[in-house]
Colleague: 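The structure's right below; bear with me while I get my questions together.
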Amino acid sequence: MIQEQLRSALAAAATAEGLTAPDEIGLEQPANRDHGDWSSNLALATSKQAGTNPRELAGRLVANLESQNIAHVEGIDIAGPGFINFRLTNSWLHDVLTHVVETGVENFGANTANAGKTINVEFVSANPTGPLHAGHGRGAVFGDALAALLEWTGYEVTRECYLNDRGVQMQTFADSLSARKAGNEPADGGYMGQYIIDWAGEMPDDADPLEWGYARALQDQKDTLAALGIEFDVWFSERSLVENGAIETALETLKERGAIYDDDGATWLRSTEFGDDKDRVLVKADGSYTYLTPDIAYHHDKFGRAEELVNVWGADHHGYIPRMKAAMEMLGNDRDKLDVQVTQMVRLMRGGEEVKMGKRAGNIVELSDLTEEVGADATRFTYLLQSIDSQQTFDLALAVSQAKDNPVFFTQYAHARIRAVQNRAAEAGAERVPLKQADLSLLTHEREIELLRVLFGGPEMVEVAARERAPHRVVGWVRQLAAAVHSFYQHKDCYVIGDNVSPELTQARLWLIEAARIGLAATLNRLGVSAPDSMWSDEAEAAMSEGE
RNA sequence: GUCUCCGUAGCUCAGUGGAAGAGCGCCUGGCUUCGAACCAGGAAGUCGUAGGUUCAACUCCUACCGGGGACUCCA
């Protein structure tokens, strides 16, 4: 690709000047087009080494670069403190179009940087004692999109959900169901939601409340997740850790390593020795485990199944990270291979007013209600709009609006518009010729070039987004591509078919929009959002054709 | 008090040490020939404050200010 060409040319120029170029020569696409298509800081980075000022060094480097006659380069300037700016002919972007079409929707943006590596992404992991709420939704969609993003870079990904299916909260849940079944209020600290009453009503008389309730809650969560297109490869039961002795084994191992001690009748983990701010109880004075203990065994188990682990946790669990990392280190795992992604809170708004109440669960809004109200596509896309590091305001009214201030609509509409043009071309008899026969050099309009420029950035976006564990970057990019599509589509000089458009130009533009469509569809697919061929609902379409 | 996330345009938020961004809102313009749920242009910034590192800091480091969250032998 173009970067490699430019980098090797820069490296050669540096060598000719007797300089040692940095391992990674700085090269970027300046935001400001006046600064050329590509810009390098090589002279700035090596001027000290050269013992001269950056601009003078840049002058010598440019003289050398010009003598190299680099492909696609039509001019090299020196700017500012000593940047070397390359101006390129459009031909380099025409190569991009070909490349995009060749990779197709399946492989657009994909790379193999992590091929052969296994990674386990654990997310949701909500107690199986009730429905998922809107807060879970953010972690659920983030985790699923992150998993897809990691697959995009070659990882073999396991999507996993941990089930806290033993312990006191399960008993509390069962007791609450029993109480409601008997027509009583749950005891203090019990589950008070309306769903407990509903479920108690469904529960057969002879059912074991704990087992029946567990199955009921789990099914509810699975249905909610399925409606969002989320499926797990592994549902990992905490009970299995008791049954196979993994918890006892982990405790034994920690004991052998001197990582635990007894005090006050309880067993403590020396987590302060590995970065925690206090030691943690593993076995309480009454002999039962704390929440942490099975979880340690669980994470240790995951390390046996994947090279790298990612956990998606809510902000309320951030304090839990140091003790888990400490425990993993004490069990001989690489703490840096456990990456915990923390999602900040979500506020739900509807037309400027905060939404706090759900239909069934009372003081929480259920994820299933949210999905039903705004649809799976808008739910996913909206959750993914922002970095998980920022608190989010999720506006339900905006998510369903059919206007460009709704990013979901704006982006999907770009895909539908391309389909509309392609259909119109087909109706007009403009059959797309094979790519090799199309004259892409006709694509010179500013809007066309901008589209190609954005498409070029796709693969790098994927690299960065995966490295940063940041699906929201994918969303940002696809919105940018959608904007470029709308801008191209709208421009009077950029019609794909028309009396003023030569058949050759029509062909080039048909391929251009197909490339853009590939970029949109590939990216939306990875985000788990559909790339529709039409924005009209079936009913609206039916109504229209009846009206004709 | 400790930990953590956030602080960038009026609002909601992007921003990978390199030359300040998007959408909304506001102002202006664009469908009597195409494809206006859209597009184009404009106004709007002490990047919380103060230091430090660097040729270069919104970005890294330190301290402070303001806001959210977490700090159980709960889960």
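Labels below follow one simple rule: chain letters A, B, ... track the order of the sequence lines, proteins then strands, and each chain is numbered from 1. Computed from a predicted structure; not experimentally measured.
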Colleague: Please confirm whether A/Phe410 and A/His486 have ring centers closer than 6.0 angstrom.
Modeller: yes
Colleague: State whether A/Glu450 and A/Arg447 are salt-bridged, where the test is any N-O pair (Lys NZ or Arg NE/NH1/NH2 against Asp/Glu carboxylate O) under 4.0 Å.
Modeller: no
Colleague: Provide, to the nearest angstrom, the distance between the CG atom belonging to A/Asp277 and the C1' atom belonging to B/rU72.
Modeller: 13 Å
Colleague: Please determine, by modelled atom types, if A/Asn423 and A/Glu427 share a side-chain donor-acceptor pair under 3.5 angstrom.
Modeller: no
Colleague: Please determine if A/Lys302 and A/Glu160 form a salt bridge, counting it only when a charged side-chain N lies under 4.0 Å from a carboxylate O.
Modeller: no
Colleague: If you pin A/His317 and A/Lys48 to their nearest nucleotides in RNA chain B, which one's is more 5'?
Modeller: A/Lys48
Colleague: For B/rA57 and B/rC47, measure between their C1' atoms and round to the nearest Å.
Modeller: 11 Å
Colleague: Kindly point out which of B/rC73, B/rA14, B/rU16 is positioned nearest to the side chain of A/Arg473?
Modeller: B/rU16
Colleague: Do the non-hydrogen side-chain atoms of A/Asn114 and A/Leu150 ever get within less than 4.5 Å of each other?
Modeller: no
Colleague: Select base, sugar-phosphate, or nothing to describe what A/Asp316 touches, counting heavy atoms under 4.0 Å on all strands.
Modeller: sugar-phosphate
Colleague: Establish, from distance only, whether the side-chain atoms of A/Asn311 and A/His299 form a donor-acceptor pair under 3.5 Å.
Modeller: yes
Colleague: Taking atom C1' of B/rG23 as reference, at what distance in whole Å does atom CG of A/Asp395 sit?
Modeller: 14 Å
Colleague: Starting at the 5' end of RNA chain B, which residue's closest nucleotide do you reach first, A/Leu385 or A/Pro322?
Modeller: A/Pro322
Colleague: Under 3.5 Å, which N/O atoms of the protein pair with N/O atoms of nucleotides 31-40 of chain B?
Modeller:
{"residue": "B/rG35", "atom": "O4'", "partner": "A/Tyr489", "partner atom": "OH", "Å": "3.2"}
{"residue": "B/rG35", "atom": "O2'", "partner": "A/Tyr495", "partner atom": "OH", "Å": "3.2"}
{"residue": "B/rG35", "atom": "N7", "partner": "A/Arg424", "partner atom": "NH1", "Å": "3.0"}
{"residue": "B/rG35", "atom": "O6", "partner": "A/Val496", "partner atom": "N", "Å": "2.7"}
{"residue": "B/rG35", "atom": "O6", "partner": "A/Ile497", "partner atom": "N", "Å": "3.4"}
{"residue": "B/rG35", "atom": "N2", "partner": "A/Tyr489", "partner atom": "O", "Å": "2.2"}
{"residue": "B/rG35", "atom": "N3", "partner": "A/Tyr489", "partner atom": "O", "Å": "3.2"}
{"residue": "B/rA37", "atom": "OP1", "partner": "A/Tyr413", "partner atom": "OH", "Å": "3.2"}
{"residue": "B/rA37", "atom": "N1", "partner": "A/Gln402", "partner atom": "OE1", "Å": "3.0"}
{"residue": "B/rA37", "atom": "N3", "partner": "A/Gln402", "partner atom": "O", "Å": "3.3"}
{"residue": "B/rC38", "atom": "OP1", "partner": "A/Lys404", "partner atom": "N", "Å": "2.4"}
{"residue": "B/rC38", "atom": "O2'", "partner": "A/Arg417", "partner atom": "NH1", "Å": "3.0"}
{"residue": "B/rC38", "atom": "O2'", "partner": "A/Gln490", "partner atom": "OE1", "Å": "3.1"}
{"residue": "B/rC38", "atom": "O2", "partner": "A/Gln490", "partner atom": "OE1", "Å": "3.4"}
{"residue": "B/rC39", "atom": "OP2", "partner": "A/Lys404", "partner atom": "NZ", "Å": "2.9"}
{"residue": "B/rA40", "atom": "OP1", "partner": "A/Ser487", "partner atom": "OG", "Å": "3.0"}

Colleague: Let me confirm one number: the CZ-OG distance from A/Phe381 to A/Ser530, rounded to the nearest 0.5 Å.
Modeller: 11.0 Å
Colleague: Which nucleotide, in any strand shown, forms a Watson-Crick or G-U wobble pair with B/rC34, with both distances under 3.5 Å?
Modeller: none
Colleague: Taking the side chain as C-beta and beyond, is there a heavy-atom pair between A/Tyr495 and A/Leu505 under 4.5 Å?
Modeller: no
Colleague: Flag the pair A/Glu56 and A/Arg60 as a salt bridge only when some basic side-chain nitrogen lies within less than 4.0 angstrom of an acidic carboxylate oxygen.
Modeller: yes
Colleague: Quick one: is A/Thr393 getting a side-chain N or O under 4.0 Å of the B/rC13 phosphate, OP1 or OP2?
Modeller: yes
Colleague: B/rG48 and B/rG67: how far apart are their C1' atoms, nearest whole angstrom?
Modeller: 11 Å
Colleague: Could you give the distance separating B/rC58 and B/rA9 at their C1' atoms, to the nearest angstrom?
Modeller: 14 Å
Colleague: Just how far, in rounded Å, is C1' of B/rU16 from CD of A/Glu24?
Modeller: 12 Å
Colleague: How far does the C1' atom of B/rU28 sit from the matching atom of B/rU33, given to the nearest Å?
Modeller: 25 Å
Colleague: Does A/Ser47 reach a base, just sugar-phosphate, or nothing at all? Heavy atoms under 4.0 Å.
Modeller: nothing
Colleague: Please tabulate, one pair per line, each protein N/O and nucleotide N/O from nucleotides 17-20 of chain B that are separated by under 3.5 Å, including the distance.
Modeller:
{"residue": "B/rG18", "atom": "O2'", "partner": "A/Glu28", "partner atom": "OE2", "Å": "2.9"}
{"residue": "B/rG18", "atom": "N7", "partner": "A/Asn41", "partner atom": "ND2", "Å": "2.8"}
{"residue": "B/rG18", "atom": "O6", "partner": "A/Asn41", "partner atom": "ND2", "Å": "3.0"}
{"residue": "B/rA19", "atom": "N6", "partner": "A/Ser39", "partner atom": "OG", "Å": "2.8"}
{"residue": "B/rA19", "atom": "N6", "partner": "A/Asn85", "partner atom": "OD1", "Å": "2.9"}
{"residue": "B/rA19", "atom": "N3", "partner": "A/His35", "partner atom": "NE2", "Å": "3.4"}

Colleague: In whole Å, what separates the P atom of B/rG7 from that of B/rU32?
Modeller: 46 Å
Colleague: Rounding to the closest angstrom, what is the interatomic distance between B/rA63 and B/rC3 at atom P?
Modeller: 9 Å
Colleague: Quick check: do A/Gln392 and A/Tyr383 have side-chain heavy atoms less than 4.5 Å from each other?
Modeller: yes
Colleague: Picking from B/rA70, B/rA75, B/rC73, which would you name as closest to the side chain of A/His318?
Modeller: B/rA70
Colleague: Between B/rA75, B/rC6, B/rA70, which nucleotide has the shortest distance from any of its atoms to the side chain of A/Gln169?
Modeller: B/rA75
Colleague: Return the value, rounded to whole Å, for the distance between atom CE of A/Met324 and atom C1' of B/rA75.
Modeller: 13 Å
Colleague: Should A/Glu238 and A/Tyr289 count as side-chain neighbours, where that means a heavy-atom distance under 4.5 Å?
Modeller: no
Colleague: Does the structure show a Watson-Crick or G-U wobble partner for B/rU53, both distances under 3.5 Å? Name it, or say none.
Modeller: none
Colleague: Roughly how many Å apart are B/rA40 and B/rC31, using the P atom of each and rounding to a whole number?
Modeller: 16 Å
Colleague: Between B/rU62 and B/rC26, how far apart are the two P atoms, rounded to whole Å?
Modeller: 43 Å
Colleague: Nearest 0.5 Å, please: how far is CG in A/Leu385 from OG1 in A/Thr393?
Modeller: 11.5 Å
Colleague: Given that both distances must come in under 3.5 Å, which nucleotide forms a Watson-Crick or G-U wobble pair with B/rC64?
Modeller: B/rG48
Colleague: A/Arg166 has an atom CZ; how far is it from atom C1' of B/rC74, in whole Å?
Modeller: 14 Å
Colleague: Checking contacts here: which listed nucleotide (B/rU16, B/rU4, B/rA75) is nearest the side-chain heavy atoms of A/Val168?
Modeller: B/rA75
Colleague: If you look at every strand shown and take non-hydrogen atoms under 4.0 Å, does A/Asn53 touch a base, only sugar-phosphate, or nothing?
Modeller: nothing
Colleague: Within the 4.0 Å heavy-atom criterion, would you say A/Ser401 contacts the bases, only the backbone, or no part of the nucleic acid?
Modeller: nothing
Colleague: Return the pairing partner of B/rU2 with a 3.5 Å limit on both distances, Watson-Crick or G-U wobble; otherwise return none.
Modeller: B/rA70
Colleague: What is the pairing partner of B/rC24, taking Watson-Crick or G-U wobble pairs with both distances under 3.5 Å in any strand?
Modeller: B/rG10
Colleague: Scan A/Gln386 against the nucleic acid and name what it touches under 4.0 Å (heavy atoms): base, sugar-phosphate only, or nothing.
Modeller: sugar-phosphate
Colleague: Provide, to the nearest angstrom, the distance between the CD atom belonging to A/Gln344 and the P atom belonging to B/rU12.
Modeller: 17 Å
